[in-house]
Protein chains: 2
Amino acid sequence: MTHCTPAQTAVLNTLRQQNQPISAQALHGQMRTQQRIGLATIYRALDALKRLGRVQHRTTLAGETLYNTVEQDQHYLTCLHCGQSFPLKACPLKGLQLQPQPSNSFEVFYHTLEFFGLCQPCQVETTPEEKHLEV
Amino acid sequence: MTHCTPAQTAVLNTLRQQNQPISAQALHGQMRTQQRIGLATIYRALDALKRLGRVQHRTTLAGETLYNTVEQDQHYLTCLHCGQSFPLKACPLKGLQLQPQPSNSFEVFYHTLEFFGLCQPCQVETTPEEKHLEV
DNA sequence: TTAGAAACGATAATCATTATCATTTCTGTA
DNA sequence: TACAGAAATGATAATGATTATCGTTTCTAA
Ligand SMILES: [Mn+2]
Ligand SMILES: [Mn+2]
Ligand SMILES: [Zn+2]
Ligand SMILES: [Zn+2]
């Protein structure tokens with residue numbers, strides 16, 4: 001219990017090789033070609049890594065959960081109309097200092113940050129009254 | 001199709017009355033005491049409001065999806081050990097300008113932002129090597 | 001070795017969310 | 001007003017990602 005199990009290590013390494021967040025099932029499909037591993041073990045490993053602060057996840061509009069390592073500090077603009085996601089070039093929180101918090105010493109491992117709105121092409125198909133903030 | 005359906009309006013108003021994000025089922029349980037409304041309609045309304053950029057949602061560590069209006073721009077510190085969530089006093093992105101993006105004119109309606117780590121009490125039960133960033 | 005603990009794989013069970021479909025309500029027109 | 005087609009709704013069945021279960025295997029430490 002002191003360190004990662006073999007499965008956890010394997011999952012973490014496979015996640016590191018991805019250049020995009022990936023679902024648990026896709027991860028399984030990818031890993032099982034290399035080694036014998038059960039889907040339940042993937043979920044167990046992802047959960048453990050999550051609680052260790054090594055892996056994070058986001059949920060797409062379609063409802064699928066995508067995992068990635070905390071190191072790849074990546075955020076997306078997601079279009080509410082067509083569902084496409086566009087990666088940000090940099091993390092907007094880089095170098096940002098959080099205000100002192102409730103118990104004033106919460107230890108932050110990582111964060112999730114996503115933006116939702118309309119991509120360029122989808123904006124034209126939208127009525128003016130629905131428009132909000134331009135960025 | 002030009003405007004909200006009665007159900008969408010009702011859901012949005014009920015969401016506004018909440019001072020915390022709430023699950024679809026809890027929302028249903030709360031609304032059905034006031035009026036006859038089906039759970040499917042709640043989900044349909046939430047989905048429509050989501051795509052209109054009026055409602056957002058987050059997924060807890062336990063896997064439940066919680067909804068809230070975009071106006072209540074609220075973010076949380078969530079402890080990976082005990083699962084408790086602590087609200088931030090203010091949005092760290094307030095007044096922040098996004099860098100020019102891919103198609104350079106993505107229209108942002110709202111954002112989601114969450115922090116994960118260890119709360120004060122849970123930090124003491126943790127070995128030093130697992131410690132990360134102090135905030 | 002060997003006993004107990006932890007991890008694992010296969011698969012059954014769960015449960016939030018979606019899809020279906022018959023019914024009701026709306027909207028515009030004759 | 002009466003009516004036809006469209007949209008919305010509620011009840012409920014189906015789906016599918018995640019979790020629980022359980023028998024087996026692997027690890028750990030005496
Ligand atoms: Mn970031
Ligand atoms: Mn905010
Ligand atoms: Zn789009
Ligand atoms: Zn805690």
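The sequence lines fix the lettering, A, B, ..., with proteins before strands; numbering per chain opens at 1.
For DNA chain C, the residues of residues 7-19 of chain A within the heavy-atom distance limit of 4.0 Å (strictly under) are A:Ala7, sorted by number. Near-neighbour residues of DNA chain D inside residues 28-38 of chain B, defined by a heavy atom below 4.0 Å, number-ordered: B:Arg36, B:Ile37, B:Gly38.
Residue pairs meeting the ring-ring contact (aromatic ring centres under 6.0 Å, His included) criterion with at least one partner in residues 39-64 of chain B, sequence neighbours excluded, are B:His57-B:Tyr67.
Note on B:Thr5: every side-chain N or O is 4.0 Å or more away from OP1 and OP2 of D:dA7. Residue A:Thr41 places at least one side-chain N or O under 4.0 Å from the OP1 or OP2 atom of C:dG9.
Under the rule for a side-chain hydrogen bond (donor to acceptor under 3.5 Å, both in side chains), the partners of B:Ser85 that lie at least two apart in sequence or sit in another chain are B:Thr78. With sequence neighbours left out, the ring-ring contact (aromatic ring centres under 6.0 Å, His included) criterion links A:Tyr110 to B:Phe116. B:His28 is linked by a side-chain hydrogen bond (donor to acceptor under 3.5 Å, both in side chains) to nothing, counting only residues two or more places apart in sequence or in another chain. Listed by chain and residue number, B:His75, B:His111 satisfy the side-chain hydrogen bond (donor to acceptor under 3.5 Å, both in side chains) test with B:Asp73 (two or more places apart in sequence, or in another chain). In this structure, the side-chain hydrogen bond (donor to acceptor under 3.5 Å, both in side chains) partners of A:Glu114, at least two apart in sequence or on a different chain, are A:Arg58.
Here the straight-line distance linking atom SG of A:Cys4 with atom CG of A:Leu52 works out to 6.0 Å at 0.5 Å rounding.
Side-chain contact between A:Thr5 and A:Thr9 is absent, with no heavy-atom pair separated by less than 4.5 Å. In this structure, A:Leu113 and B:Thr112 have side chains that are not in contact, with every pair of non-hydrogen atoms separated by 4.5 Å or more. Inter-residue side-chain proximity for A:Arg54 and A:Thr69 is flagged as unmet; no heavy-atom pair is nearer than 4.5 Å.
Using modelled atom types, one finds a donor on one side chain and an acceptor on the other under 3.5 Å when comparing B:Ser105 with A:Gln120.
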Side-chain polar contacts of residues 18-25 of chain A - donor-acceptor pairs under 3.5 angstrom, sequence neighbours left out - could you list them?
unit_1  : atom_1 : unit_2  : atom_2 : d
A:Gln18 : NE2    : A:Thr14 : O      : 3.1
A:Ser23 : OG     : A:Ala26 : N      : 3.0

Tell me which donor-acceptor pairs under 3.5 Å the side chains of residues 30-39 of chain A have, and how far apart each pair is, sequence neighbours excluded?
unit_1  : atom_1 : unit_2  : atom_2 : d
A:Thr33 : OG1    : A:Gln30 : O      : 2.9

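End-to-end axis angle for the helix from C:dT1-D:dA30 to C:dA30-D:dT1, using five pairs per end and rounding to 10°, comes out at 30°.
Following rounding to the nearest Å, B:Leu46 (CG) and C:dA16 (C1') show an atom-to-atom distance of 13 Å.
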For each nucleotide in nucleotides 17-24 of chain D, reading 5' to 3', give B when a protein heavy atom comes within less than 4.0 Å of its base, S when such contact involves only the sugar-phosphate, and - otherwise. SBBBB---
